[in-house]
Amino acid sequence: MIQLEQLTWKVAGRTILADVSVAIPSNTYAVLMGATGCGKTTLLEILCGLRQPTSGRMLLDGVDVTHLEPRERGIGYVPQDLALFPGLRVREQIGFAPKLRGVPPEELNQRVNRLAEQFGIVPLLNRLPDMLSGGEKQRVALARALAAQPKLLLLDEPLSALDESMRAEAVALLQKVQQDHALTVLHVTHSSSEAAMLGQMHLRMAGGRLEVESKP
Amino acid sequence: MRLNRSNLCWLVLALITAAYLLFWALLLGATASYSTPESWLKVLMSPEIRHATWLSLVTCSLAAGFALLLAVPVGYLMSRREFRGKSWLDAALDIPIILPPLVVGLCLLIFFQTQIGKIIENGVHKGDWIYILRSLDDHGKELWAWKFRAPFSIPGIMQFTYQIAGVVLAQFVVAAAFAIRTMRGTFQHLSARPEDVALTLGCTRFQALWHVALPAARRGMVAAFCIAWARSLGEFGPILVFAGATRMKTEVLPTTVWLELSVGNLEAAVAVSLFMVLLAVLVLVVVRATGEKV
């Protein structure tokens with residue numbers, strides 16, 4: 001369960017997020033929609049700890065994580081541009097988080113291979129990001145985030161770079177990933193069809209305020 | 001091709017560019033044709049010039065290495081963080097670029113005459129006076145001083161003034177400013193997003209810099225090293241003032257050109273100058289190959 005309690009973020013006297021309060025139950029796929037520039041990405045950045053809110057707090061499974069560093073929160077983040085690490089091969093990208101945590105090499109390899117199989121990217125394991133298509137990059141970014149075994153996964157328009165034919169496949173993949181890993185997902189999108197296909201809970205942001213349109 | 005107004009404009013611009021390049025080609029051509037390759041070789045093989053060449057290569061590499069070690073953290077800070085007074089700090093970092101080279105040398109020379117400079121060179125014994133500020137009259141008598149006694153002995157680090165270490169320091173002071181500028185540009189061109197993601201994957205900020213930003217910035221680091229190296233190679237004023245121009249001791253290639261010119265040996269000055277042009281072209285090729293802009 002993720003709970004946001006009156007989260008507010010102001011910059012240069014402007015209120016970007018105003019008293020955002022919501023509770024997303026565990027294992028729920030929540031979809032957040034809203035106009036460009038309404039603060040969706042800012043909200044995700046606050047949730048994963050890249051920005052500190054001006055006021056309010058955030059609880060993850062009942063624990064206040066508002067002032068924890070990003071690495072202490074157990075939240076996975078896939079930004080819109082996917083942000084793969086330049087110069088690291090796919091195997092290193094997926095193994096990045098487990099290696100940081102000192103997972104033994106054998107277990108690390110198993111975890112990387114298991115995720116690579118799940119995402120259908122085994123043949124890409126030795127490739128650099130420059131040698132991947134948009135769809136392949138998206139799969140690698142998801143696998144990299146899941147390798148850290150997060151409790152909550154934040155997705156910022158992860159399908160925006162894909163064409164229509166690949167989008168349907170990606171939607172099915174996201175649904176499967178959420179179910180297989182028993183994840184709570186907060187997915188930002190502009191696409192109503194994407195939201196309808198994926199969302200168990202629908203949220204809308206407008207004028208810095210968050211409204212719950214439907215609950216699971 | 002019809003010569004319309006647009007084409008005429010491009011033609012004029014191309015002619016200006018060509019005239020400038022031709023001017024440089026004439027300069028280098030005239031210098032190269034001043035003497036024969038045999039006499040260049042003879043000059044370059046003389047013990048003094050070989051020593052100056054060796055010293056230049058070593059000191060430039062050290063200065064560029066130190067400059068890069070400084071440029072990476074400073075460039076990263078300046079490109080990634082917003083803070084009060086950043087524009088002032090940004091301007092201050094460029095001071096060595098705009099200062100006249102002789103002034104840089106003079107600043108170094110004077111700094112090593114101060115108490116801090118003397119402690120760096122010679123250390124201080126327990127109980128000796130350490131002056132923070134001091135005012136003397138015309139006869140050298142102390143008027144007032146803000147001073148304290150050293151609570152323990154501090155060993156000196158090394159001698160810089162008129163020493164080889166002084167050559168490296170004089171080169172480093174100017175080269176570092178160019179390396180910082182290059183690294184700042186490199187990090188600004190790299191998205192900060194992968195580092196943000198690395199933080200969510202378990203990295204500290206240092207680990208994100210080490211594992212994500214630095215591998216991505218390696219071409220910029222090569223370029224920064226080469227630019228710092230090239231600037232160090234051409235450094236003359238600060239070295240002359242701070243490290244001197246002692247033959248077989250602190251003489252580097254630009255000093256050689258000056259020393260040979262001062263005794264009227266134009267042939268030797270030309271040979272060394274052409275050698276430096278060759279080195280500069282090599283550096284430029286490496287920098288261009290990395291894809292970074294100088």
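Per chain, numbering begins at 1; letters A, B, ... match sequence-line order. Only heavy atoms go into these numbers, but all of them, side chains included; no hydrogens, no water, no symmetry mates.
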Is the [atom1] atom of [X] crowded by more than 12 outside heavy atoms at less than 6.0 Å?
{"X": "B:F206", "atom1": "CZ", "answer": "no"}
{"X": "B:F160", "atom1": "CZ", "answer": "yes"}
{"X": "B:L15", "atom1": "CG", "answer": "yes"}
{"X": "B:F23", "atom1": "CZ", "answer": "no"}

> Applying a criterion of heavy atom separation less than 4.5 Å, what residues of residues 53-65 of chain A form contacts with chain B?
Replying inline: none

Interface moiety of [X] toward chain B, non-hydrogen atoms closer than 4.5 Å:
{"X": "A:A145", "result": "backbone"}
{"X": "A:L84", "result": "backbone"}
{"X": "A:A148", "result": "side chain"}
{"X": "A:L50", "result": "side chain"}

>> Among B:A213, B:G202, B:P215, which residue has the highest count of heavy-atom pairs closer than 4.5 Å to chain A?
In response: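 Among B:A213, B:G202, B:P215, the one with the most close pairs to chain A is B:G202.
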
> Looking only at heavy atoms, what is the nearest atom pair of A:L100 and B:C203, with distance?
Replying inline: CD1-SG, 3.3 Å

>> Looking at every non-hydrogen atom in both residues, tell me the closest pair between B:P194 and A:F85 and how far apart they are.
In response: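 Heavy atoms only, the tightest pair is O-CE2, 3.1 Å.
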
>> Let's test your reading of the structure: which of A:P86, A:P79, A:P70, A:G87 forms the most heavy-atom pairs below 4.5 Å with chain B?
In response: A:P70

Looking only at N and O atoms, which donor-acceptor pairs between chain A and chain B are within less than 3.5 angstrom?
unit_1: A:E45; atom_1: OE2; unit_2: B:R193; atom_2: NH1; d: 2.7
unit_1: A:E45; atom_1: OE2; unit_2: B:R193; atom_2: NH2; d: 2.8
unit_1: A:R71; atom_1: N; unit_2: B:L199; atom_2: O; d: 3.2
unit_1: A:Y77; atom_1: OH; unit_2: B:R193; atom_2: NH1; d: 3.4

